[in-house]
Number of protein chains: 2
Amino acid sequence: MAEQLTTTSYAVLAQVAVHPWSTYELVQQRVRYFRYVWPRAESAIYREVKRLSSMGLLDGRKEHVGKRARTVYSITEKGREALREWLGAPVSPFAMDFEAMIRLFVAPLGTKEQIVSTLHQVRDDVREMLRFGGEVKQEFLDGIAVTQDQVYIRALAVDFFISLLNTVGAWTERTLAEIESWDDLSPDGKNERALEKIRELPVATPESVERTPVPPRTQLQRRRHDGRSV
Amino acid sequence: MAEQLTTTSYAVLAQVAVHPWSTYELVQQRVRYFRYVWPRAESAIYREVKRLSSMGLLDGRKEHVGKRARTVYSITEKGREALREWLGAPVSPFAMDFEAMIRLFVAPLGTKEQIVSTLHQVRDDVREMLRFGGEVKQEFLDGIAVTQDQVYIRALAVDFFISLLNTVGAWTERTLAEIESWDDLSPDGKNERALEKIRELPVATPESVERTPVPPRTQLQRRRHDGRSV
DNA sequence: GCGCCTATACTCTAAATTGGAGTAAGTAAA
DNA sequence: TTTACTTACTCCAATTTAGAGTATAGGCGC
């Protein structure tokens, strides 16, 4: 049995810290509230609670509903202590998977309809996530959220989620508008205008870039919790 | 040998489509330009080019630098065709890993210094990514980028990257300011104010949320390229 | 009171993926 | 000439995912 706790371990601990859950409920709640910041497979959660339980960080109690058994987990003092320790360790950086961006890179190989359709899907995904965000917002306003007593913390998270989605949504709209204004996907006469647009992007540029600096040797390396690079 | 192409396969194809690369260069360039939208392990890329090559989507040529061999890959017509087909398939939604958010959820278990330090790390990570974004911007303005002839497409990507980072950065700053204005991390007297703030968040709320709707059964499911759900 | 459907509550496994360790040759600088 | 770094990979154990599979519970229609 591996002893090293992963971020997924802490995510489960954090969830159980709110109050006891059965594994099934944990998975359901996870879908609802952790899906967007730390998406992991269902089976991984079932595996994780067992591990945490065997390490004494969670306390699992067998219950029965008729003949069917279920295990309800609560956090132990040792588990809470592990969380406290984790809070002081280096955090892994924000990372994302955004397939649509790769599509955009090779869009000129395909048709305008294809890339427009891809961006429509992104727009719809963002709308769906925003709908969910609105629902969570309403739950708090109605005072019926599971973590109602933690609004002062959760509000910060909802703010993040909604700001990010609005940004992605706005980008999608203006990109769609730009592409739809084109006759085709060829570069003809578009690069001039693009350079103007790129010049206006709100970010500082370095003095000059004669030689592009050597990139780091390996792929994105997340920080480990002992502070060493992996 | 599995026949199913993954998004990573297409990401590699998309990269080679620009022009031929040795695997080593591919990995280096990947770190530079794909790291932030589709981060994958180095070894996965070495595996992938071999697979794509054996499937006839890439053409690998052995070269020699002194006694040391290296393989340079270029895309085949079949590979280009595969990309074209992929462009018409459903795209997997935007997804992220954001450990700091989980930290925030359980922040009251630890100290104010801990959560402030975590947010400082996020701010620094964002700054570093923005610095990189500024560098890419400057490369295009200087006319020396590898994909200079594709500015009209790449500008859209740089726009995305910078907008997103500015949003994350701004959130980090205001969250830091909010938390630093607190005496401690207890809920005392903070929830009232938080509800006001949550009310102002720019997202529509549903009519009402009496029963929270049943969440989908499983974890985040990415769309597969044959259109079926996985 | 029976059949059907959906929800609960998991377990199991093949396949994929990751995070390194390891090997070896070229190149530059002290 | 020794050392250090870069290029150019291969290999593998351990983890993780995606999904199939198993079985009970409970509500609803008829």
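Note on naming: letters A, B, ... go to the chains in the order of the sequence lines (proteins, then strands), and numbering restarts at 1 for each one. If you're wondering where the values come from, they're calculated on a predicted model, not measured in any experiment.
Among the atoms of the strands shown, only primed sugar atoms or phosphate atoms (P, OP1, OP2) are found under 4.0 Å from some heavy atom of A/Thr71.
Put simply, A/Ser22 has no side-chain N or O that comes within less than 4.0 Å of OP1 or OP2 on C/dT8. Checking the phosphate oxygens (OP1, OP2) of D/dC9, a side-chain nitrogen or oxygen of B/Thr23 falls inside 4.0 Å. A/Arg40 has a side-chain polar atom (N or O) that falls below the 4.0 Å cut-off from OP1 or OP2 of D/dT17. Proximity of A/Lys50 to the phosphate of C/dC10: no side-chain N or O atom is located under 4.0 Å from OP1 or OP2. The phosphate of D/dA8 has neither OP1 nor OP2 within less than 4.0 Å of any side-chain N or O from B/Tyr24.
Between A/Asp97 and B/Arg40 there is a salt bridge, since a side-chain N of the basic residue sits under 4.0 Å from a carboxylate O of the acidic one. Between A/Glu139 and A/Arg32, at least one side-chain nitrogen of the basic residue sits less than 4.0 Å from a carboxylate oxygen of the acidic one, meeting the salt-bridge criterion.
Between the CD atom of B/Glu63 and the P atom of D/dA8 there is a distance of 9 Å, given to the nearest Å. Atom CZ in A/Arg51 sits roughly 16 Å away from atom P in C/dT11 (whole-Å rounding). The distance between atom OH of A/Tyr46 and atom P of D/dA18, rounded to the nearest whole Å, is 16 Å. If you measure from atom CD of A/Gln4 to atom P of C/dT18, you get 19 Å, rounded to the nearest angstrom. At whole-Å resolution of the value, CD in B/Glu48 and C1' in D/dC11 are 17 Å apart. The CZ-P distance, from A/Arg35 to D/dT17, rounds to 16 Å in whole Å. Straight-line distance from the CD atom of A/Gln28 to the C1' atom of C/dC10: 12 Å, rounded to whole Å. The separation between B/Ile45 atom CD1 and D/dT10 atom C1' is 15 Å, rounded to whole Å.
With hydrogens and angles left out, the side-chain atoms of B/Thr7 and A/Glu99 include a donor and acceptor closer than 3.5 Å. When only modelled atom types and interatomic distance are considered, B/Thr175 and B/Thr172 share no side-chain donor-acceptor pair under 3.5 Å.
Counting distance only, with no hydrogens placed and no angle test, the side-chain atoms of A/Ser43 and the base atoms of D/dA18 include a donor-acceptor pair under 3.5 Å.
Both B/Glu25 and B/Arg47 sit near DNA chain D, but only B/Glu25 has its closest nucleotide nearer the 5' end.
Between atom OH of residue A/Tyr73 and atom CD of residue A/Gln15 there is a gap of 13.5 Å, rounded to the nearest 0.5 Å.
Side-chain rings of A/Tyr33 and B/Phe105 stay apart, their centers remaining 6.0 Å or farther from each other.
Within 6.0 Å of atom CZ in B/Arg84, more than 12 heavy atoms from other residues, nucleotides or ligands are found, so the atom counts as buried in its surroundings.
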Short N/O separations, protein against nucleotides 24-27 of chain C, under 3.5 angstrom:
{"unit_1": "C/dA25", "atom_1": "N3", "unit_2": "B/Arg68", "atom_2": "NH1", "d": "2.6"}
{"unit_1": "C/dG26", "atom_1": "OP1", "unit_2": "B/Lys67", "atom_2": "N", "d": "2.3"}

